[in-house]
Amino acid sequence: MTNIIKAQKGTKDILPAEISKWYNLEKKAEEVFSFAGFKEIRTPIFEATELFARGVGDTTDIVNKEMYSFEKSERSLTLRPENTAGVVRSFIENGMHRLTAPVKLWYKGPMFRYERPQAGRQRQFHQVGVEMFGIKEPSADAEVILLAVNYLKSIGLCDLDVEINSLGCPNCRETFSKKLKDAIRPYLANMCPDCQERFEKNPLRLLDCKVPECNEVLNSEEIQNVITSEYICDECSEHFNKVKEYLDALNIKYSVNRLLVRGLDYYNRTVFEIKSNNLGSQNAVCGGGRYDSLVRHLGGVDTPAVGFAMGMERLNSLLPDVEDNKLDIFVVSSSSTEAFKVVNELRAAGFSADFDLSCKKFGKQIEKASKVASHAVIVCEDEIANNTVSIKDFSTSEQKTVSRNDYINCLK
RNA sequence: GCGGGUGUUGCCAAGUGGUUAAGGCCUCGGAUUGUGGUUCCGAUAUUCGUGGGUUCGAUUCCCACCUCUCGCCCCA
């Protein structure tokens with residue numbers, strides 16, 4: 001026998017038994033986002049590799065070691081590892097900066113990252129997210145966070161922790177990085193190898209290292225003074241305060257986490273994450289923030305933007321399983337032809353209906369009917385002879401025989 | 001890329017260095033050729049993750065690889 005071909009590492013089938021959970025996530029996204037004036041956008045699954053190298057940032061792990069890239073006709077292409085870069089590309093390419101601001105977009109779909117799979121992490125996974133372009137005011141930040149919270153609420157997730165932070169503008173970021181590096185430099189030799197590398201590549205990431213020795217350094221009074229000091233400029237600070245005011249006014253509970261640093265290079269000012277305690281180590285269900293320079297960076301007209309993305313598998317794992325809906329009607333018949341006709345009539349009338357294609361004997365058909373449907377419509381010899389059908393309600397076991405001409409009405 | 005755990009049928013799951021690999025669920029057939037959800041009977045593993053090795057003999061012992069899983073890194 002030939003070898004069985006299995007799903008690739010880190011990929012999964014979404015089976016019929018779990019599909020209603022997915023439908024629900026997608027349906028609620030459509031509802032909640034369109035209620036807030038967001039329109040869905042669908043961008044290609046693969047893009048030019050350069051888009052991600054420039055868009056996501058070539059200091060990131062995503063770009064350095066997690067991309068599914070391949071060559072075709074001398075072009076380097078990559079399966080999208082996230083969708084912000086793709087949406088921005090589309091925004092620029094389609095001249096959306098000419099539309100009245102804000103341009104509000106949402107998306108859902110598969111993303112690909114070559115990582116070691118673990119709880120809440122696959123190589124092919126799904127994200128649902130929003131991007132809003134053209135508003136530099138802090139109201140946009142608050143609107144996007146509000147939307148995230150409301151979406152999570154709509155799918156039944158209320159008790160999640162919202163954490164926010166401000167990275168400041170590129171200037172603040174550089175000043176702060178420099179201060180931090182200066183402060184840490186004397187202790188660097190005692191810190192973990194990862195931190196040694198972060199020190200050069202992305203100093204802000206030093207802040208959330210989990211290694212005890214590094215924590216010790218970070219918790220020292222000297223470093224803490226740097227961390228808690230006023231690290232962003234007045235303008236950025238005002239922006240951040242305003243965001244917090246909006247969130248307070250909207251009764252959104254949040255905490256400010258100075259150590260929250262998002263891994264993608266394009267963020268500035270507001271960044272946020274929404275976390276759950278029930279997810280194991282990959283505990284963020286939502287991550288987002290402001291990325292004012294990305295559109296310009298990718299060659300578009302300078303346009304401020306904010307957005308977030310959520311991991312749908314992680315959302316699903318927090319949600320209870322839902323039971324499959326039963327069919328309205330299963331047609332039991334001694335004649336396949338009659339069954340076909342009746343099923344067809346029922347479906348046209350708006351009932352979900354099915355019948356036994358292999359025309360097994362009566363007992364088997366009624367057994368199947370009781371398992372998959374709430375009602376049986378019986379069309380056997382007697383009924384056919386008298387131009388009637390029998391309707392059986394499995395919840396009460398009651399059965400009545402009605403005229404074939406208006407049985408549909410008897411079901412309503 | 002690094003570390004820990006794991007792998008018996010569609011699913012759950014026992015088991016042993018010796019030849020018929022328990023049991024349960026699901027599925028299918030029958031008791032019951034017009035009435036199901038109860039009951040009873042019957043059927044379903046010839047790669048026991050894959051490939052090597054030890055042995056007269058391995059699903060059981062050893063090695064390698066792979067999967068899944070939990071962590072690290074990083075991220076949703």
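Letters A, B, ... mirror the listed sequences (proteins, then strands); counts begin at 1.
Atom name C1', nucleotides B:rU69 and B:rU47: the rounded distance is 24 Å, in whole Å. When the P atom is compared between B:rU6 and B:rA64, the two are found 15 Å apart, to the nearest whole Å. Between the P atoms of B:rA45 and B:rC40, the separation comes to 23 Å (whole Å). Taking the P atoms as reference points, B:rG1 lies 22 Å from B:rA76, given to the whole Å. Annotation: B:rG7 and B:rC12 have their C1' atoms spaced 14 Å apart (nearest Å). Straight-line distance between the P atoms of B:rU59 and B:rU50: roughly 10 Å, to the nearest whole Å. Comparing the same atom, P, in B:rC2 and in B:rC62 gives a spacing of 24 Å after rounding to whole Å. Rounded to whole Å, the separation between the P atoms of B:rA21 and B:rU9 comes to 15 Å.
If you find the closest nucleotide of RNA chain B to A:Ile62 and to A:Lys368, the one lying nearer the 5' end belongs to A:Lys368. Closest-nucleotide positions on RNA chain B for A:Ile378 and A:Lys360 were compared, and the one nearer the 5' end corresponds to A:Lys360.
Within the 4.0 angstrom heavy-atom criterion, no nucleotide atom of any strand lies near A:Glu313. Among the protein residues, A:Gly120 comes within range of the nucleic acid bases, having at least one heavy atom under 4.0 Å from a base atom. Counting any heavy atom pair closer than 4.0 Å across all strands shown, A:Ala119 reaches sugar-phosphate atoms only and no base atom. At a threshold of 4.0 angstrom between heavy atoms, the contacts of A:Cys286 are confined to the sugar-phosphate backbone, with no base atom among them. Contacts of A:Glu398 with the nucleic acid, taken as non-hydrogen atoms under 4.0 Å apart, are absent. Within the nucleic acid shown, A:Glu82 has no heavy atom closer than 4.0 Å to any nucleic acid atom. Nucleic acid contact class of A:Phe308 (heavy atoms, under 4.0 Å, all strands): none. At a threshold of 4.0 angstrom between heavy atoms, the contacts of A:Glu381 include nucleobase atoms, whether or not backbone atoms are also involved.
We find that CD of A:Gln365 is positioned 12 Å from P of B:rG29, with the value rounded to whole Å. Between the CD atom of A:Glu115 and the P atom of B:rG71 there is a distance of 14 Å, given to the nearest Å. The distance from atom CZ of A:Arg121 to atom P of B:rC73 is 10 Å, rounded to the nearest whole Å. Between A:Ile329 atom CD1 and B:rU35 atom P the separation is 22 Å, expressed in whole Å. Across the protein-nucleic acid pair, A:Arg116 atom CZ and B:rC68 atom P stand 10 Å apart, rounded to whole Å. Counting to the nearest Å, the P atom of B:rG36 and the CG atom of A:Asp393 are 16 Å from each other. Rounding to whole angstrom units, CG of residue A:Asn278 and P of B:rC70 are separated by 14 Å. The nearest whole Å value for the distance from the CG atom in A:Asp61 to the P atom in B:rC72 is 14 Å.
For A:Glu367 against B:rU35, no side-chain N or O and base N or O form a donor-acceptor pair under 3.5 Å. Contact annotation: side chain of A:Ser397 to base of B:rG37, donor-acceptor pair present below 3.5 Å. Between the side chain of A:Glu383 and the base of B:rG34 there is at least one donor-acceptor pair of N/O atoms closer than 3.5 Å. A:Lys392 contributes a side-chain N or O that forms a donor-acceptor pair with the base of B:rU35 under 3.5 Å.
With no hydrogens or angles considered, a side-chain donor-acceptor pair links A:Asn83 and A:Thr43 at under 3.5 Å. Between the side chains of A:Ser139 and A:Asp141, no donor-acceptor pair is found at a separation under 3.5 Å. Looking only at atom types and distance, the side chain of A:Thr388 has no donor-acceptor partner in the side chain of A:Glu383 under 3.5 Å away. Looking at A:Thr84 and A:Glu131, their side chains do bring a donor and an acceptor atom within 3.5 Å of each other.
Crowding of A:Tyr114 atom OH: a count of heavy atoms from other residues, nucleotides or ligands under 6.0 Å not exceeding 12. Heavy-atom neighbours of A:Arg42 CZ from other residues, nucleotides or ligands within 6.0 Å: at or below the threshold of 12.
Base pairing annotation: B:rA64 forms a Watson-Crick or G-U wobble pair with B:rU50, both donor-acceptor distances under 3.5 Å.
Considering only side-chain N and O atoms, A:Ser281 lies under 4.0 angstrom from the phosphate OP1 or OP2 of B:rC72. Residue A:Lys9 places at least one side-chain N or O closer than 4.0 Å to OP1 or OP2 of B:rU67. Contact between the side-chain N/O atoms of A:Lys12 and the OP1/OP2 oxygens of B:rU69 is found at a separation under 4.0 Å. In this structure, A:Lys364 does not reach the B:rU27 phosphate: none of its side-chain N or O atoms is under 4.0 Å from OP1 or OP2. Dashed line: the shortest gap from a side-chain N or O of A:Lys371 to OP1 or OP2 of B:rU27 is under 4.0 Å. Taking side-chain N and O atoms only, A:Gln118 has a distance below 4.0 Å to OP1 or OP2 of B:rG71.
In terms of modelled atom types and a separation under 3.5 Å, the side chain of A:Glu338 and the main chain of A:Val379 share no donor-acceptor contact.
Closest contact between the side chain of A:Gln399 and the listed nucleotides B:rG71, B:rA76, B:rG34 involves B:rG34. With distances taken from any side-chain atom of A:Phe362 to the nucleotides B:rG36, B:rU35, B:rG71, the minimum falls on B:rU35. Closest to the side chain of A:Lys361, out of B:rA76, B:rC73, B:rU33, is B:rU33.
Here A:Phe125 lies parallel enough and close enough to stack on the base of B:rA76, with planes under 30° and ring centres under 5.5 Å apart.
Each of A:Thr303, A:Leu294, A:Leu51 was compared with A:Val88 under the side-chain contact (heavy atoms from CB on, under 4.5 Å) criterion, and only A:Leu294 meets it.
Across all non-hydrogen atoms, the minimal contact from A:Lys136 to A:His239 is O-CE1, 3.2 Å.
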